[in-house]
2 protein chains.
Amino acid sequence: MNRSRVTVVDIARAAGVSKSTVSLVLQASPLVNEQTRARVNAAIRELGYVYNRGAANLRQTASSKIVGIVVNDLTNSFFAELAVGMDMVMQSAGFVQFLANTGESLDRQREVIASMREHGISGLIISPARGTEAADFKPLTASGVPVVVVVRNVAGAKVSSLLSDNRAGAREATEHLISLGHRRIAFLGGFADTAVSGERMQGYREALSAAGLEADGSLVVNSAPSRAGGVTAIERAMLISGRPTAALCFNDAVAFGVCDGLRARGLEPGRDFGVVGFDDVIEAQTAVPALTTVSVDPQGMGRRAAQMLLKQINSGRVEAEATVASVRLVVRQSCGAKTTTWDGGTSHDTAPGDRSSDTVGTDRRQHDRA
Amino acid sequence: MNRSRVTVVDIARAAGVSKSTVSLVLQASPLVNEQTRARVNAAIRELGYVYNRGAANLRQTASSKIVGIVVNDLTNSFFAELAVGMDMVMQSAGFVQFLANTGESLDRQREVIASMREHGISGLIISPARGTEAADFKPLTASGVPVVVVVRNVAGAKVSSLLSDNRAGAREATEHLISLGHRRIAFLGGFADTAVSGERMQGYREALSAAGLEADGSLVVNSAPSRAGGVTAIERAMLISGRPTAALCFNDAVAFGVCDGLRARGLEPGRDFGVVGFDDVIEAQTAVPALTTVSVDPQGMGRRAAQMLLKQINSGRVEAEATVASVRLVVRQSCGAKTTTWDGGTSHDTAPGDRSSDTVGTDRRQHDRA
DNA sequence: TGACTATTTTGGAACGATCCAATAAATCCT
DNA sequence: AGGATTTATTGGATCGTTCCAAAATAGTCA
């Protein structure tokens, strides 16, 4: 049934022109006469021609219109939303994306990057797996493929990055809990050896110290950065002598787990225990109690990362640009703040449709040498 | 810095052989002498050669090692897990995947499919956006690209499909609620015009009728199939005269929203109101109360869909195969069933690591003419 | 040694689109 | 009408790989 592919030559023959003319039509060149253009387009439709990008990409001047996206845990809403944000701007820009999930495996990450490279991606956005080194991007950047690192930084890598201001966010969140009267505030979830966790914990400590509270780490409980991890973290936290009365969680997933764990022992999050998350995934708004969290606007972050990459692809320049997106605390109910009766949150809250990139506020941009 | 690409010819020159020999080495052909192979491989490493798949794919016999995956809502855990399952088997098979999110937009869907086609995918897995018609796959299948439709069927499409037994699952879930003594059982969430929703609602009705209960649809409340939709659905359901005492929800996201909504009005899911979900996303296990739900095993489904596609790609035959995966009710706490004291769920529950495809149980397979 | 296999290696012609230099056709200007 | 311009069109050659037929080399046997 499937005879061999229809090519430009077939179109040319059918339209009575040369393949060069067909090529010009395909590129919407103004050089070609309107009537011939029409004839060619008719032939294209007639024969069901499909453009072969692979062939076009052979010429070394061409750009493949493919980008790679690598994330470590797509089942985490944060990354799913991040990916969706990227998808939106990439689709609009006429790009198509390879997406791969590494599940924190460096081997998988290496494999997929290699594979994507063979397929000729013209750029890569990656949330690096734990343990990724600057050298892992070397071959990519050496061959002129721009790379944008998101969420987690990779020390020493000469690539662009889009991170969020974890320290400031954690500090603000902790200060808020302190202002609500809490004195024993835990930091729950996440692994101590990751940069993100380290930054958030640092902000947490800073706030405690500034308020004259002990910041000796006795109320820090590590766990997997997942909902299940949150459950175990709060369970362990409750065994500490001198229980915490509130917690800053590594991310929203952990925070939800913490809420689950609290309920399991008959405590109501918000009323009996203050819970603050980090990320502001979609469910944070609708959960009950609505989650007080530090908004990093994952979709917006994805969109911005995509835009950064596109800019580099289009300009042809691979000048690394490090930007830190500012974040802000969104006070809802899980922290126990006295909110008004209308239960949509406080005036700090975002309106449902208000998750565009401009909610991220002002950024600090610092430029790097390439 | 980036001189022009390193090609097989460069390797050939460096190793003192012909490009044909290099090509043979690349394909791990047994024809080539061990020593030459070593020399060639050394040169490859030396020069930092990267295989150009685009060029290789030009020969029409070649398969691109790229598949396309199209889903409609990646922010829904169900689809994220589905995608992760596919990703796993595709990566292992040496394939790389284009992933696109349509957000139920037929235009986007058309665009991405066209784009993927131009890039030469050798197969497509799609959870079709609402309103997708059989004709939308025609060009793909006509050119011999196998297509696997998952989750939602497309009437009349001559493509393979992997669906779940929604009717049976919903029936079983409803029967369970009835057996717990509920008489006024609502069906919450989802849009009436989708096939999936229709099937689940049908199972719900069947169970009600069989038990001699009214199935007039007065307790059916449609809403977006999301957490937010679940909140509004339960709110509206509570306004119905003769309130329901339990609900079968369109999917887990809705079920979580329903739990949120119940809490917002002071009702405890499981104790004061029976909630049953559909899908069994990861969080269903850890949520409090743990969600009683119909397990579709999204990751496993993704894996199976990927395997189906690979089988077709490798066999070269495009024989459509329709398979309906059986589902089973996982009784946890949100339905209010009397569970034992240990709070991990009942004996029906899955162990944490037990989400492999074989948990789906036996399937009914029916073969189609191609 | 010479004929005959096996084992390795190799030019060159695809594959499908692009792009440059060159040509052909149409239009303009005294 | 004849040259200068502008406007359209067109052959190759090229991109990096594969694959076939053919050739070179090594190995075997009488």
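No hydrogens, no waters, no symmetry mates; every other heavy atom, side chains included, goes into these values. To find a chain, count down the sequence lines: A is the first, B the second, and so on, and within it residues start at 1.
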Note to self: What is the separation between atom CG on A:Leu24 and atom P on C:dC20, rounded to the nearest whole Å?
What the structure shows: 11 Å
Notebook entry, point to check: Which heavy atom of B:Tyr49 sits nearest a heavy atom of B:Ile11, and at what distance?
Noted result: CB-CD1, 3.7 Å
Note to self: Measuring to OP1 and OP2 of D:dT14, would you say a side-chain N or O of A:Gln60 lies under 4.0 angstrom away?
What the structure shows: no
Notebook entry, point to check: Going by distance alone, is a donor N or O of one side chain under 3.5 Å from an acceptor N or O of the other, for A:Ser143 and A:Arg117?
Noted result: yes
Next item on the list: Would you kindly give the CZ-to-P distance between B:Arg53 and D:dT18, to the nearest whole Å?
Entry: 9 Å
Next item on the list: Using atom CD of B:Glu118 as one end and atom P of C:dG16 as the other, report the distance to the nearest whole Å.
Entry: 15 Å
Notebook entry, point to check: For A:Asn33 and D:dT6, what is the distance between atoms CG and P respectively, to the nearest whole Å?
Noted result: 18 Å
Check: Could you state the CZ-P distance from A:Arg59 to C:dT18, rounded to the nearest angstrom?
Finding: 9 Å
Check: Just wondering, are more than 12 heavy atoms of other shown residues or ligands nearer than 6.0 Å to CD in A:Glu104?
Finding: yes
Notebook entry, point to check: Counting only non-hydrogen atoms, which of residues 11-22 of chain A are less than 4.0 Å from DNA chain C?
Noted result: A:Lys19, A:Ser20
Margin query: What is the distance, to the nearest angstrom, from the CG atom on B:Asn57 to the C1' atom on C:dG16?
Written below: 12 Å
Checklist line | Nearest atoms (heavy-atom pairs only) where A:Arg59 meets B:Arg5 | finding: C-NH2, 4.4 Å
Checklist line | Side-chain donor-acceptor pair present, A:Arg110, A:Thr102, cut-off under 3.5 Å | finding: no
Checklist line | Nearest-angstrom distance from the residue atom CD of A:Gln35 to C1' of C:dA26 | finding: 13 Å
Margin query: Taking only side-chain N and O atoms of B:Thr36, does any of them lie within less than 4.0 angstrom of OP1 or OP2 on C:dT9?
Written below: yes
Note to self: Please confirm whether the shortest side-chain N or O distance from A:Arg5 to OP1 or OP2 of C:dG16 is below 4.0 Å.
What the structure shows: yes
